[in-house]
Amino acid sequence: MQLYPAIDMKNGQCVRLKQGKFKEITVYSDSPEKVAAYWESQGATFLHLVDLDGALAGYSVNEEAIRRIVSAVSMPVEIGGGIRSEDAIERMLNLGVSRVIIGTKAVENPLFLRDAVLRFGADRIVAGVDAKNGLVAVEGWEKLSEITASDLCGQMKEYGVRHVVYTDISRDGMLTGPNVEATRALTEETGMDIIASGGMSSMDDLKRLHEAGVKGAIIGKALYENRINLKEAVRAFEGIEKGE
């Protein structure tokens, strides 16, 4: 199971929100690139970035911070938040980002994902599926759509998408544990690389996801509040995949 330490950026700082609410914010660092380098020193092999300002604005806002992060680490980096055009995807890839996460646009215009996969390749494009009570949310989680997470993932698979970041909004930043059953169901229904996001709070949460056959897990607040030791987690869950 691939682990992804998360760096959420707002105003160039490394922060965490509760349930995506911009009023519920904690600032962890003014230097996200130093945080990125630290996670790499702790064994991280893939980094998950979110441009929170971008998610609301609809375009990338923290490009300078993203450039510094990519320069500070040798591991691959994926990013989401406000990426809603092919030009925006290309800009991110040109900054050295490995994978780009498309959320709002995937719901509003699924064909955009199909075209992006055709142009940039399935390994470069990730569908961001953010759900509340099974329904997909858009625009920085400010609105609920009428499509279910399961239906959206099925559609994405038809269009050649292989990677999905699945977030249960009600659990994000709450340290209440991920929605293991919903993530397992999506993994089994689609056979896709479903990456669980939201609520990770302990090694036991990671263990339950791993046992459910989930392919990846994003860890945010639990790392910043020392509830999960990244070195131990990488050894326990990435090592199993590599037969160590």
Side-chain angles (χ1 to χ4, degrees), residues 1-10 13-20 24-50 52 65-66 68-80 97-99 101 126 163 165-184 187 193-244:
M1 182 167 76
Q2 177 69 54
L3 302 181
Y4 300 84
I7 295 180
D8 290 8
M9 294 173 295
K10 182 160 176 52
Q13 298 173 311
C14 171
V15 306
R16 294 302 291 169
L17 307 183
K18 280 186 182 174
Q19 297 182 324
E24 302 264 2
I25 190 164
T26 306
V27 177
Y28 286 110
S29 172
D30 289 333
S31 300
E33 68 275 17
K34 288 183 182 170
V35 178
Y38 176 72
W39 293 138
E40 187 166 54
S41 78
Q42 297 302 297
T45 57
F46 215 123
L47 190 65
H48 176 82
L49 298 184
V50 181
L52 292 169
I66 296 161
R68 290 199 309 270
I69 289 167
V70 170
S71 299
V73 298
S74 57
M75 63 179 156
V77 173
E78 64 179 21
I79 185 163
V97 169
S98 297
R99 292 201 312 218
I101 302 160
V126 181
H163 307 284
V165 170
Y166 172 69
T167 306
D168 187 310
I169 294 168
S170 63
R171 295 167 189 247
D172 188 66
M174 302 302 286
L175 297 170
T176 52
N179 191 332
V180 176
E181 285 316 305
T183 314
R184 180 210 295 266
T187 301
D193 170 24
I194 305 287
I195 301 161
S197 171
M200 237 58 73
S201 67
S202 66
M203 287 287 276
D204 189 57
D205 289 338
L206 295 175
K207 184 168 179 270
R208 288 189 303 130
L209 285 169
H210 185 267
E211 288 171 351
V214 174
K215 297 286 194 291
I218 291 166
I219 320 170
K221 196 171 186 179
L223 287 179
Y224 293 93
E225 304 203 345
N226 298 314
R227 290 165 182 253
I228 293 175
N229 178 293
L230 186 60
K231 261 186 184 168
E232 284 176 28
V234 168
R235 198 177 302 126
F237 302 108
E238 290 190 20
I240 292 168
E241 289 291 309
K242 296 165 189 165
E244 290 171 13

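Given the structure is predicted, the values throughout are model-derived calculations rather than measurements.
Looking at Leu223 and Gln42, their side chains never come closer than 4.5 Å, going by heavy atoms from C-beta outward. Residues Thr183 and Pro178 have side chains not in contact (no heavy-atom distance under 4.5 Å, counting atoms from C-beta outward).
Atom OG1 in Thr187 sits 6.5 Å away from atom NZ in Lys215 (nearest 0.5 Å). In this structure, OG on Ser31 lies 7.0 Å from CZ on Arg68, to the nearest 0.5 angstrom. In this structure, Glu211 CD and Leu206 CG are separated by 11.0 Å, a value rounded to the nearest 0.5 Å. Separation of atoms CG (Leu230) and OG1 (Thr45) is listed at 8.5 Å; rounding is to 0.5 Å. To the nearest 0.5 Å, atoms CZ (Arg99) and CZ (Phe46) are separated by 4.0 Å. In this structure, CD1 on Ile195 lies 11.0 Å from CE on Met1, to the nearest 0.5 angstrom.
By the 30° and 60° cut-offs, the orientation of the rings of His48 relative to Tyr4 is perpendicular.
A salt bridge is absent between Asp204 and Lys207: the closest approach of a Lys/Arg side-chain nitrogen to an acidic carboxylate oxygen does not fall below 4.0 angstrom. Electrostatic pairing of Arg184 and Glu181 counts as a salt bridge here, judged by a charged N lying under 4.0 Å from a carboxylate O.
Here Lys231 pairs with nothing under the salt bridge (charged side-chain N to carboxylate O under 4.0 Å, His left out) rule; sequence neighbours left out. With sequence neighbours excluded, no residue forms a salt bridge (charged side-chain N to carboxylate O under 4.0 Å, His left out) with Glu40. Every residue two or more places apart in sequence or in another chain that forms a side chain to side chain contact (heavy atoms under 4.5 Å, CB included) with Ala182 is listed here: Tyr166, Asn179.
Among all heavy-atom pairs drawn from Asp8 and Arg16, the shortest one is OD2-NH1, 2.8 Å. Closest approach of Pro32 and Ile69 over heavy atoms only: CB-CD1, 3.7 Å. The shortest heavy-atom contact between Gly199 and Asp205 is O-OD2, 3.8 Å. Of all non-hydrogen atoms in Phe237 and Met203, the two that sit nearest each other are CZ-O, 3.9 Å. In terms of heavy-atom proximity, Pro5 sits nearest to Leu47 at O-CD1, 3.4 Å. Residue Leu3 comes nearest to Val234 through the heavy atom pair CD1-N, 3.7 Å, listed as atom of the first residue, atom of the second, then distance.
Checked against Val126 for a side-chain contact (heavy atoms from CB on, under 4.5 Å), the options Ile79, Val165, Asp193 give a single hit: Val165.
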Stepwise side chain to side chain contact (heavy atoms under 4.5 Å, CB included) check, Val35 with Tyr224 = CA-CA 10 Å; Val35 178; Tyr224 293 93; 3.5 Å; yes

Show the numbers, then the answer: is there a side chain to side chain contact (heavy atoms under 4.5 Å, CB included) between Ile101 and Glu78?
-> CA-CA 7 Å; Ile101 302 160; Glu78 64 179 21; 3.8 Å; yes

